[in-house]
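Proteins get letters first, then strands, A, B, ... in listed order; numbering begins at 1 in each.
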There are 2 protein chains.
Amino acid sequence: MATIEDVAKLAGLSRTTVSRVINDQPYVTEEKKQRILQAMDELGYVPNSSARRLRSQRTDTIAVLLPRITNPFFANLIESMEKKASQWGYQVIVCQTHDSEKKELDYLQLLKTKQVDGVVMTSLCNDWEVIEPYLESGPIVLCNEYMEEMAVPMVHMDHRKAAYESTIHLIDQGCKNISYVSGGSDTYLAEERKTGFLKALEERALPFLEAASVDWAIHVEDGRKVFNHIKDHHPIIDGVFTGSDEVAAGVVYEAVQAGWNVPDDLAVVGFDNQMLSLLMFPSVTTIDQPVAKMADRTIEVLVRQLMNPRANKARRYIYSHKLLVRNSTLKKQLVTNL
Amino acid sequence: MATIEDVAKLAGLSRTTVSRVINDQPYVTEEKKQRILQAMDELGYVPNSSARRLRSQRTDTIAVLLPRITNPFFANLIESMEKKASQWGYQVIVCQTHDSEKKELDYLQLLKTKQVDGVVMTSLCNDWEVIEPYLESGPIVLCNEYMEEMAVPMVHMDHRKAAYESTIHLIDQGCKNISYVSGGSDTYLAEERKTGFLKALEERALPFLEAASVDWAIHVEDGRKVFNHIKDHHPIIDGVFTGSDEVAAGVVYEAVQAGWNVPDDLAVVGFDNQMLSLLMFPSVTTIDQPVAKMADRTIEVLVRQLMNPRANKARRYIYSHKLLVRNSTLKKQLVTNL
DNA sequence: TTGTAGGCGTTATCAC
DNA sequence: GTGATAACGCCTACAA
């Protein structure tokens with residue numbers, strides 16, 4: 001492997017001059033520059049990135065923590081973040097926590113060990129007190145996940161409002177017995193959604209049917225189980241709120257299989273506007289998040305903080321959702337599949 | 001940021017001894033070891049990974065190149081690879097090429113610049129002649145994508161056979177005019193599929209309807225366009241072969257919307273057995289790939305080569321698929337939605 | 001405009 | 001068992 005020294009020798013110049021050429025710095029005669037470029041070419045020289053990192057104390061790399069990349073919401077987030085980051089000259093590394101507190105901390109270690117310059121967290125497993133100390137090692141930006149009053153930038157939607165709206169929509173469609181189906185994480189975000197859901201019930205003077213609710217549903221499979229649970233134990237349920245299009249799809253699928261009429265027997269709302277929700281039959285009402293915008297903003301905020309470490313650390317960027325009404329909730333009306 | 005030197009000073013010992021403790025090497029008295037561990041703890045010391053990398057010439061990192069992470073097939077692949085790699089103490093970095101030759105080469109640069117120890121390629125944009133030289137910088141393993149006779153390990157399915165089988169299945173169901181819908185990449189893999197498709201037609205003495213075929217379909221949206229194309233210009237088509245569940249889903253969706261009967265008017269097969277294909281109505285016949293097995297094997301082969309650079313470089317690992325027959329192809333028969 | 005030299009934090013080698 | 005010391009490859013004052 002050729003080093004800068006080899007190039008310098010071959011070109012008959014010093015390491016310094018070669019380094020200047022590598023880094024596009026001024027004060028190099030065009031002629032010598034050419035000589036060096038040729039030497040680099042001849043030797044197939046490429047700068048060793050570990051050495052550069054060690055020397056410059058920068059990695060030009062950002063870690064993005066997320067639960068699992070197979071969740072299309074996070075896949076889309078990464079997709080956009082990576083695009084944006086590369087525009088700024090940053091690499092993105094994908095870190096799947098699989099909802100494990102330990103893994104989350106392991107990945108935050110990347111910040112300490114200087115393998116990355118900054119971190120984006122899209123979910124939170126550990127308590128904030130545990131995470132906060134890592135801020136000493138580099139900036140962290142929250143995207144999607146959020147909390148009250150923290151000294152880090154946060155980019156997110158108002159999940160309370162989103163949940164409120166879709167619940168109101170269910171009620172408007174005539175649902176009286178709504179089951180609340182969630183994934184069981186006890187994050188602030190989950191809490192927000194539940195708050196919004198409960199607020200809607202309260203406003204319309206409907207009871208919260210805790211027994212008929214579920215807090216362990218994450219995947220399509222779980223959604224199917226949820227439906228069977230409802231059918232067998234709580235057939236009174238006529239509406240389902242879920243925090244995930246996958247789960248909603250599972251519920252709808254199984255309900256249809258069982259001969260239930262969706263939405264007339266059971267109306268279902270999802271979350272995230274994944275392709276799936278549109279393609280299901282019937283198509284599933286859901287909440288559209290401005291994923292690309294949030295991703296872009298997140299990277300922008302992080303990069304800005306990387307460039308200017310004493311930037312305002314506490315700003316919040318709140319994006320608005322869109323309730324997409326589809327056939328899984330349009331009761332007793334003649335509609336075309338959107 | 002504390003360095004090894006700081007720890008050494010605080011413990012009243014030398015860097016060497018500290019280094020020994022860090023790396024679990026013998027020849028350190030238990031007592032001094034404890035002193036050092038305490039010092040590390042006190043200073044919040046963590047080894048600087050750039051320095052280690054520079055010194056050891058290893059990164060313990062593997063790059064996985066793929067077209068786009070939003071494609072569930074690749075997301076699943078990454079999911080498994082990461083799990084396996086971490087068991088071996090390797091990190092995985094996800095590199096999206098977006099089918100760009102330039103990006104693919106940019107990422108292969110990681111190998112040259114020593115940012116990663118090895119590379120997995122799951123798709124191929126550039127010609128092999130362009131990629132081959134990078135082998136000098138470190139091992140490359142192909143997963144999913146493959147070619148004839150190359151000096152790198154390859155882990156993949158027999159796509160020719162898979163395509164052959166699903167085409168035969170279409171024909172067995174009574175299809176006489178089958179449209180071949182692909183994504184237009186001219187990789188060996190795509191060629192293999194087409195070969196299998198053509199072989200089936202030939203065996204059953206059916207013509208290849210080139211005019212009614214399409215080579216630009218990748219996403220759900222494309223699938224919808226494909227259907228409309230067929231409806232408007234080639235209504236004679238009664239079967240569609242696609243190399244992607246997304247495209248198949250788009251075709252099925254649009255066909256149902258247009259009032260066609262799937263499968264009786266139009267039978268459709270997909271590829272990859274994504275959740276989508278099961279949940280669609282009607283559910284979509286598809287090819288199941290042993291994703292996790294291929295991913296595991298790929299990482300194993302790569303790691304083995306990393307540990308023993310002169311291992312057999314040319315081995316092939318071929319996995320078998322499974323044709324999952326579902327309702328999108330079961331013509332004129334009474335079946336339940338699987 | 002170019003070169004010299006020191007150090008980023010670690011580990012391997014070799015003495016003691 | 002332990003500790004100097006010399007790299008790993010690069011960048012950057014500072015000198016020339």
Side-chain angles (χ1 to χ4, degrees), chain A residues 1-37 39-40 43-61 89 109-117 137-138, chain B residues 1-37 39-40 43-61 89 109-117 137-138:
Chain A
M1 195 75 255
T3 74
I4 203 172
E5 176 81 50
D6 302 328
V7 177
K9 267 187 197 144
L10 183 57
L13 291 164
S14 75
R15 286 181 302 182
T16 312
T17 312
V18 177
S19 175
R20 288 210 180 89
V21 171
I22 295 172
N23 297 292
D24 264 328
Q25 286 168 15
Y27 305 124
V28 184
T29 344
E30 187 55 31
E31 179 249 327
K32 310 210 162 163
K33 184 168 177 179
Q34 289 311 323
R35 237 159 74 199
I36 289 171
L37 286 174
M40 299 202 314
L43 293 167
Y45 168 81
V46 267
N48 177 307
S49 83
S50 302
R52 298 185 95 163
R53 289 177 177 203
L54 175 56
R55 179 58 234 232
S56 66
Q57 308 283 31
R58 312 173 3 137
T59 63
D60 295 327
T61 301
Q109 272 305 73
L110 295 178
L111 206 51
K112 274 203 179 175
T113 59
K114 302 288 179 225
Q115 289 191 65
V116 302
D117 297 339
S137 311
Chain B
M1 195 77 256
T3 75
I4 202 173
E5 177 80 49
D6 302 327
V7 177
K9 265 187 197 143
L10 182 57
L13 292 164
S14 74
R15 283 182 307 188
T16 311
T17 312
V18 176
S19 175
R20 287 210 180 88
V21 172
I22 295 172
N23 297 291
D24 263 328
Q25 285 167 19
Y27 305 124
V28 185
T29 344
E30 187 54 32
E31 179 249 327
K32 309 210 161 160
K33 185 169 176 177
Q34 289 311 323
R35 236 160 74 201
I36 288 171
L37 287 174
M40 298 200 317
L43 293 168
Y45 167 80
V46 267
N48 177 307
S49 84
S50 303
R52 296 185 100 164
R53 289 178 176 202
L54 175 58
R55 182 58 236 225
S56 66
Q57 308 284 28
R58 312 175 1 146
T59 63
D60 295 328
T61 301
Q109 272 305 74
L110 295 178
L111 206 52
K112 275 204 179 175
T113 59
K114 303 287 179 226
Q115 291 191 64
V116 302
D117 296 339
S137 311

Between atom CZ in B:Arg52 and atom C1' in D:dG9, what is the gap in whole Å?
19 Å
According to a strict under-4.0 Å criterion, is B:Thr29 in side-chain N/O contact with OP1 or OP2 of D:dG1?
no
Let me know the distance between CG of B:Asp24 and P of C:dA12, rounded to the nearest Å.
13 Å
Spacing between A:Lys114 atom NZ and C:dG9 atom C1', to the nearest angstrom
13 Å
Kindly determine whether B:Asn48 and A:Arg53 satisfy side chain to side chain donor-acceptor pair (under 3.5 Å), including the steps that lead there.
CA-CA 10 Å; B:Asn48 177 307; A:Arg53 289 177 177 203; over 6 Å; no
Can you tell me whether the side chain of B:Arg53 and the base of D:dG9 have a donor-acceptor pair closer than 3.5 Å?
no
Heavy-atom donor-acceptor pair, A:Arg55 side-chain to C:dG9 base, under 3.5 Å
no
For A:Tyr27 and D:dC14, give me the distance from atom OH to atom P, rounded to whole Å.
16 Å
Under 4.0 angstrom between B:Asn23 side-chain N/O and C:dT11 OP1 or OP2:
yes
Is any side-chain N or O of B:Tyr45 closer than 4.0 Å to OP1 or OP2 of C:dT10?
yes
Is the distance from OP1 or OP2 of D:dC11 to the nearest side-chain N or O of A:Ser19 less than 4.0 Å?
yes
Answer yes or no: side-chain N or O of A:Arg15 and base N or O of C:dA5 forming a donor-acceptor pair under 3.5 Å.
yes
From CZ of B:Arg20 across to C1' of D:dG1 the rounded distance in Å is 7 Å
Is it true that a side-chain atom of B:Thr3 and a backbone atom of B:Glu5 form a donor plus acceptor pair closer than 3.5 Å?
yes
Can you check whether A:Val21 reaches A:Lys32 side chain to side chain, under 4.5 Å on heavy atoms?
no
Gap between atoms CZ and P, on A:Arg58 and D:dT12 respectively (whole Å)
10 Å
How do B:Gly12 and B:Gln57 order along DNA chain D: which one's closest nucleotide is nearer the 5' end?
B:Gly12
Integer-rounded Å distance: C:dT1 C1' and A:Ile36 CD1:
12 Å
Distance test, side-chain N/O of A:Ser14 to OP1/OP2 of C:dG3, below 4.0 Å
yes
What verdict does the side chain to side chain contact (heavy atoms under 4.5 Å, CB included) test give for B:Arg20 and B:Ile36, after you've listed the backbone C-alpha separation in whole Å, the side-chain angles of each residue and the deciding distance to 0.1 Å?
CA-CA 10 Å; B:Arg20 287 210 180 88; B:Ile36 288 171; over 6 Å; no
For a quick check of understanding: with a heavy-atom distance under 4.0 Å over all strands, which category does B:Pro47 fall into, base, sugar-phosphate or nothing?
sugar-phosphate
Base C:dT4 paired with A:Thr16 side chain (donor-acceptor, <3.5 Å):
yes
Under 4.0 Å: is that the gap between some side-chain N or O of A:Lys32 and OP1 or OP2 of C:dT1?
no
Would A:Ser14 and A:Thr17 count as a side chain to side chain donor-acceptor pair (under 3.5 Å) if you check the C-alpha gap in whole Å, the side-chain angles of each, and the deciding distance to 0.1 Å?
CA-CA 5 Å; A:Ser14 75; A:Thr17 312; 3.2 Å; yes
In whole angstrom, give the distance that lies between atom NZ of A:Lys9 and atom P of D:dG9.
12 Å
